[in-house]
Protein chains: 2
Amino acid sequence: MTVSKTAAADPARGARPARKEPAETAAETTPLQMGELSELLGYSLKRAQLKIFEDFLRCVAPLQLTPAQFSVLLLLDQNPGRNQTEIANTLGILRPNFVAMLDGLESRDLCVRMRSTNDRRSHILMLTDKGRAVLSRAKKLVAAKHEARLNELLGSANRAALLEMLATIAREF
Amino acid sequence: MTVSKTAAADPARGARPARKEPAETAAETTPLQMGELSELLGYSLKRAQLKIFEDFLRCVAPLQLTPAQFSVLLLLDQNPGRNQTEIANTLGILRPNFVAMLDGLESRDLCVRMRSTNDRRSHILMLTDKGRAVLSRAKKLVAAKHEARLNELLGSANRAALLEMLATIAREF
DNA sequence: TGATAATTGTTATCCACCATACCAAATAGC
DNA sequence: GCTATTTGGTATGGTGGATAACAATTATCA
């Protein structure tokens, strides 16, 4: 619980008479105390996740891929011949919501739905050549710009430790 | 990436004479290869964040507080006398979206908006007695059930290291 | 074999968040 | 005094997640 509680004395309290220091543009106020907020794992997790997603989007912007779409392409590449339900479940996407997502990828010719021969209910999903090419380029961008920055910031060992802890949380909680 | 929490396949609902107990309802298939997905920080971050939020909601369920609401109460407690813009900005909430959120908290008598005397545009936010009481109880629940589980799972040192890395990412990225 | 249950992809909704544009009242700057 | 800025607020649109329901198909089993 040791959070820096720098006792910031409120500068404007009793001293009312104008004492407006050189304020730049925005009304300058004393920064707020985050307090116990910085000890809340959920809060830190969410803020970090938002930053990471933003950076991911920037890095892979030329390919117009969202993190979710990228994860689908990755999974299709490593698991050819699976159907929608299997892919969606693995990624934690609900089947109804996966439909529009696939429509988007398929309309961009990144993957295709094929009716299965042995079970005519299901759609076998496969990457197209273009899908594989886009995925390949995306991987390079992510590795070079996105993940590289992490290693630079945390160090390889810490980055690995971070991933491991996150995986533990996702698995055990 | 993805992430959603649902999943919970309802075990028995519409079937009256159904005798399908031991068999898992879903057709069993070989588990999919996560592959490089498990190396993607964004993916692991999001999945962990969802789990943490779920657990937070469960732990603090008797108080009916969301993570976002809890963070607002925490911030108000440590920063009395601030206005909506300051609180919202600090939490990364856009002012328009903060209005309804405050309406909710105020209607539950957890905080109040007071017109500032020196700037009649702004609303000074303050916790009510009830707000402080709820916050206090929430803190205890979170510490006892939620964060305690983390320490048990990761260990105190690792938990601290995790928080530090997340803060670094949120700050530097 | 035939009736019934379960699964698959899909549509239609609903809700929670997030983001932008815009507005009136109040204040700050000049 | 006139203009620009700030503040809280409304309206609105977009995106994701969640549930119910459905037709076609397959599995189950009496």
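Protein chains get the first letters and strands the later ones, always in sequence-line order, with residue 1 at the start of each. This is a predicted model, so every value here is computed, not measured.
Where A:Pro96 and A:Leu50 meet DNA chain C, the nucleotide closest to each residue was compared, and A:Pro96 sits on the side nearer the 5' end. The 5' end of DNA chain D is approached more closely, in terms of each residue's nearest nucleotide, by B:Thr85 than by the other of B:Thr85 and A:Asn97.
Applying the ring-ring contact (aromatic ring centres under 6.0 Å, His included) criterion to B:Phe70, with sequence neighbours excluded, gives B:Phe56. The ring-ring contact (aromatic ring centres under 6.0 Å, His included) test applied to A:His123 returns no partner, not counting sequence neighbours.
Close to D:dT7, at under 4.0 Å from its OP1 or OP2, lies no side-chain N or O of B:Arg113. Close to D:dT6, at under 4.0 Å from its OP1 or OP2, lies no side-chain N or O of B:Ser122.
Put simply, CD1 on A:Ile87 is 13 Å from P on C:dT8, counting in whole angstrom units. Straight-line distance from the CD1 atom of A:Ile93 to the P atom of C:dG9: 13 Å, rounded to whole Å. For the pair A:Leu57 CG and C:dC18 P, the computed distance is 15 Å after rounding to whole Å. Between the CG atom of A:Leu102 and the P atom of D:dG16 there is a distance of 14 Å, given to the nearest Å. As a whole-Å value, the separation of A:Arg82 CZ from C:dG9 P is 13 Å. As rounded to whole Å, 8 Å separates atom C1' of C:dC17 from atom NZ of A:Lys46. Protein atom CZ of A:Arg95 is 9 Å distant from nucleotide atom P of C:dG9, rounded to whole Å. When the C1' atom of C:dA19 is taken as reference, atom CD of A:Glu54 falls 13 Å away, rounded to whole Å.
Remark: A:Glu147 does not engage A:Lys139 in a salt bridge, criterion side-chain N to carboxylate O under 4.0 Å. A salt bridge is absent between B:Arg132 and B:Asp77; no separation between the charged side-chain nitrogens and carboxylate oxygens falls under 4.0 Å.
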Find every protein N or O atom lying less than 3.5 Å from an N or O atom of nucleotides 25-28 of chain C, and list the pairs.
unit_1	atom_1	unit_2	atom_2	d
C:dT27	OP1	B:Arg120	N	2.9

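Within 6.0 Å of the CZ atom in B:Arg171, the count of heavy atoms belonging to other residues, nucleotides or ligands exceeds 12. Within a 6.0 Å radius of CD in A:Glu172, more than 12 heavy atoms belonging to other residues, nucleotides or ligands are found.
The A:Gln84 side chain lies nearest to C:dG9 when the options are D:dT10, C:dG9, D:dT19.
A donor-acceptor pair under 3.5 Å is formed between the side chain of A:Arg115 and the backbone N or O of A:Arg121.
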